[in-house]
Number of protein chains: 2
Amino acid sequence: MATIKDVAKRAHVSVATVSRVINNKGYVNEETRLLVVEAIEALNYVPNELARSLFKKQSRIIGVIVPHMTSYYFAELIEIIENFIIEEDYHVMVCNSRDDFARESKYLKVLQQYSIDGILLVSNTHRIHDYQDLKVPIVAIDHHLSDHIPSVTSNNIQGGILAASKLIEAGCTEIIHFRGPSILPTVQDRTTGFRSIMDKHRVAPNSFDLAFKDPDPQEILSCLEKLPNVNGIFCDSDVIALSVIQCLKQLGKNVPEDVQVIGFDNIELAQMITPRLTTISQNKEQIAQTAVSLLMKLIQKQPIEATHIEIDVNLVERETTQ
Amino acid sequence: MATIKDVAKRAHVSVATVSRVINNKGYVNEETRLLVVEAIEALNYVPNELARSLFKKQSRIIGVIVPHMTSYYFAELIEIIENFIIEEDYHVMVCNSRDDFARESKYLKVLQQYSIDGILLVSNTHRIHDYQDLKVPIVAIDHHLSDHIPSVTSNNIQGGILAASKLIEAGCTEIIHFRGPSILPTVQDRTTGFRSIMDKHRVAPNSFDLAFKDPDPQEILSCLEKLPNVNGIFCDSDVIALSVIQCLKQLGKNVPEDVQVIGFDNIELAQMITPRLTTISQNKEQIAQTAVSLLMKLIQKQPIEATHIEIDVNLVERETTQ
DNA sequence: TTGTAGGCGTTATCAT
DNA sequence: ATGATAACGCCTACAA
């Protein structure tokens, strides 16, 4: 690997001059510039980013911590986030915390060690202190962690409202809300929104907690059997909805004729399955863009307007409701 | 951020001593060691990985380049790969090439700049020269790029054979193979295996190329309409299979009564949809493990036994075949 | 306009 | 057992 010294030698100039042409900084005569460029190409020189980062104390790397990668929603979100980050000429280091606090802490430490410039955190844990101690700019996604940490989430209350309204409107009378773990603020908000509409229509929905990613079919089945007259179901993720639909079929119920189902997230697969899934769509594009631009402002020490931003969701009606 | 100097000062020792305790290397008196440890904790010191990497010329980072992250198969694969890499005490930098050669090259360069220790490459491109010039250890996954680059793939021929055998055995007579882009060796191998069995039974399958990730339903529909008597379909990915099943329903055909369908990959969702998808399962766990251990050997300059390794696949029979 | 030299935070090779 | 010190590759005052 050629270094800046090699280039300097070959171009018969000093390293300082080479550095100047690399960074387009300071005065440098056009002729010598050409000489240097030539040497750079001849040697196939690429600056060592580690040395550069060491000096500048910034790495142009953004750490993205997610609880899962195979959670389809997150996979899709990450891809979009990466897009925006690349546009800012930064790079992404994806870290999978596996919803495990120890791993998350470890990553937080590792990211610091690499002089990461900023962190995008998607986390279900609530060890707020740890994040606050960090001197690295950080933006939370999908969860509002604390008032001191800027965050971007979907408007989950609105999501609950939209789902409830649709179900009511579609004539459902006996309703289940299969939600995520109800300790999560996200889930609580959705529940609040959902209940507000149900209350208004004097319907008392039954809520059951499930895992977002690996809902247990046995559990779903037993809930379903307990409430044989259910005709409307709201699920806190599309994956949960898939499982629910499967259980419903297993019990001989047709979707949407007997039971109507609404998911959450609008993952790409939602429209590839049969019947195509009606769902509350999270605006991944806007979530990603907002979070990245917030983080960039933080990194550049620009003032930010709001510490918590909620992105509108919308109902995408497909074939599991009527 | 405290540095090694700060720690040295506080512990009243030299930086050399601090370095020794950090790395558990060389002689250091137990008493002074304790002193140093104390200082480290008091200052909340974490070694700067950039400086360390700069000196050692290795970063303990593995770059993983994938063509997509939202391709569910890759997302699942990445997660498993990450597991194995973490076990080796390395870190992962995930790079999404978006199947674009320019982006892939860019990443290759960036990874070099960060003194990445090794690369795991999942690529559909064929610019072999670029990889060979790289002095970084590299292992290809899912595609056999060249004899000089170690690679790990599924036994795709076997996959084709398994699918064909099952379809024949299940009594299918009019058969379609919806495959991926047929320029890909992966796809060619599956086709070879598939055809070999078909030939033996004097069945002439119809092959159509589709995109792995975003198969066009219009295209699928028109193929299906051209061959109204089809009763067996082999798809080169589960995602393609989903689309096909959807089109089939649209044409009023039942799966598996009228048409039997086999997918490829065995993504987690394959068993969550209705009907549960019969598919050729790629052994992601073993692919990941093999690739990582190959890469580790390369990094440690150990000899490797085989340059190309194929991992067995197996047929998982579910509800789209009978 | 260009070059010299010191420093970024570590590690490792010497001495001591 | 411990401490100076020279790298690692780069950037930037400051000097020339």
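The chains referred to below are lettered A, B, ... by the order of the sequence lines, with proteins before strands, and numbering in each begins at 1.
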Output all residues satisfying side chain to side chain contact (heavy atoms under 4.5 Å, CB included) with B:Ser14, sequence neighbours left out; order by chain, then residue number.
B:Ala16, B:Thr17
Would you call B:Ile86 and A:Tyr107 a side-chain contact if the rule is heavy atoms closer than 4.5 Å?
yes
Between P on C:dC14 and OH on B:Tyr27, what's the gap in Å once rounded to a whole number?
16 Å
Partner residues of B:Tyr72 under the ring pair (Phe, Tyr, Trp, His ring centres under 6.0 Å) criterion, sequence neighbours left out
A:Tyr72
Contact check, side chains of B:Val18 and B:Ile22, non-hydrogen atoms, under 4.5 Å:
yes
For residues 57-68 of chain B, which residue pairs pass the side-chain hydrogen bond (donor to acceptor under 3.5 Å, both in side chains) check, not counting sequence neighbours?
none
On DNA chain C, more 5' by nearest nucleotide between A:Arg33 and B:Ile4 is A:Arg33
If the condition is side chain to side chain donor-acceptor pair (under 3.5 Å), which residues does A:Thr307 pass it with, not counting sequence neighbours?
none
Taking salt bridge (charged side-chain N to carboxylate O under 4.0 Å, His left out) as the test, write out the residues that go with A:Glu31, two or more places apart.
none
Counting only heavy atoms and a strict 4.0 angstrom limit, can you tell me which residues of residues 7-20 of chain A come near DNA chain D?
A:Ala16, A:Ser19
For B:Lys284, run the salt bridge (charged side-chain N to carboxylate O under 4.0 Å, His left out) check against B:Glu76, B:Glu268, B:Glu79 and tell me which one passes.
B:Glu76
To the nearest angstrom, how far is A:Tyr114 atom OH from C:dT10 atom P?
13 Å
Interface residues of residues 38-59 of chain B with DNA chain D (non-hydrogen, below 4.0 angstrom):
B:Leu54, B:Phe55, B:Lys57
Does one side chain, of A:Thr153 or A:His144, offer a donor that lies under 3.5 Å from an acceptor on the other?
no
What bend angle does the helix from C:dT1-D:dA16 to C:dT16-D:dA1 show across its length, from five-pair end axes and to the nearest 10 degrees?
50°
Looking at residues at least two apart in the chain, or sitting in another chain, which of them share a salt bridge (charged side-chain N to carboxylate O under 4.0 Å, His left out) with A:Glu49?
A:Arg52
Footprint ends on DNA chain D, 5' to 3', for atoms under 4.0 angstrom from a heavy atom of chain B, come out as D:dA1 to D:dG9
Please determine, by modelled atom types, if B:Thr70 and B:Lys213 share a side-chain donor-acceptor pair under 3.5 angstrom.
yes
Partners of A:Asn83 by side chain to side chain donor-acceptor pair (under 3.5 Å), sequence neighbours excluded?
B:Arg98
Residues 32-45 of chain B vs side-chain hydrogen bond (donor to acceptor under 3.5 Å, both in side chains), sequence neighbours excluded, gives B:Glu30-B:Arg33
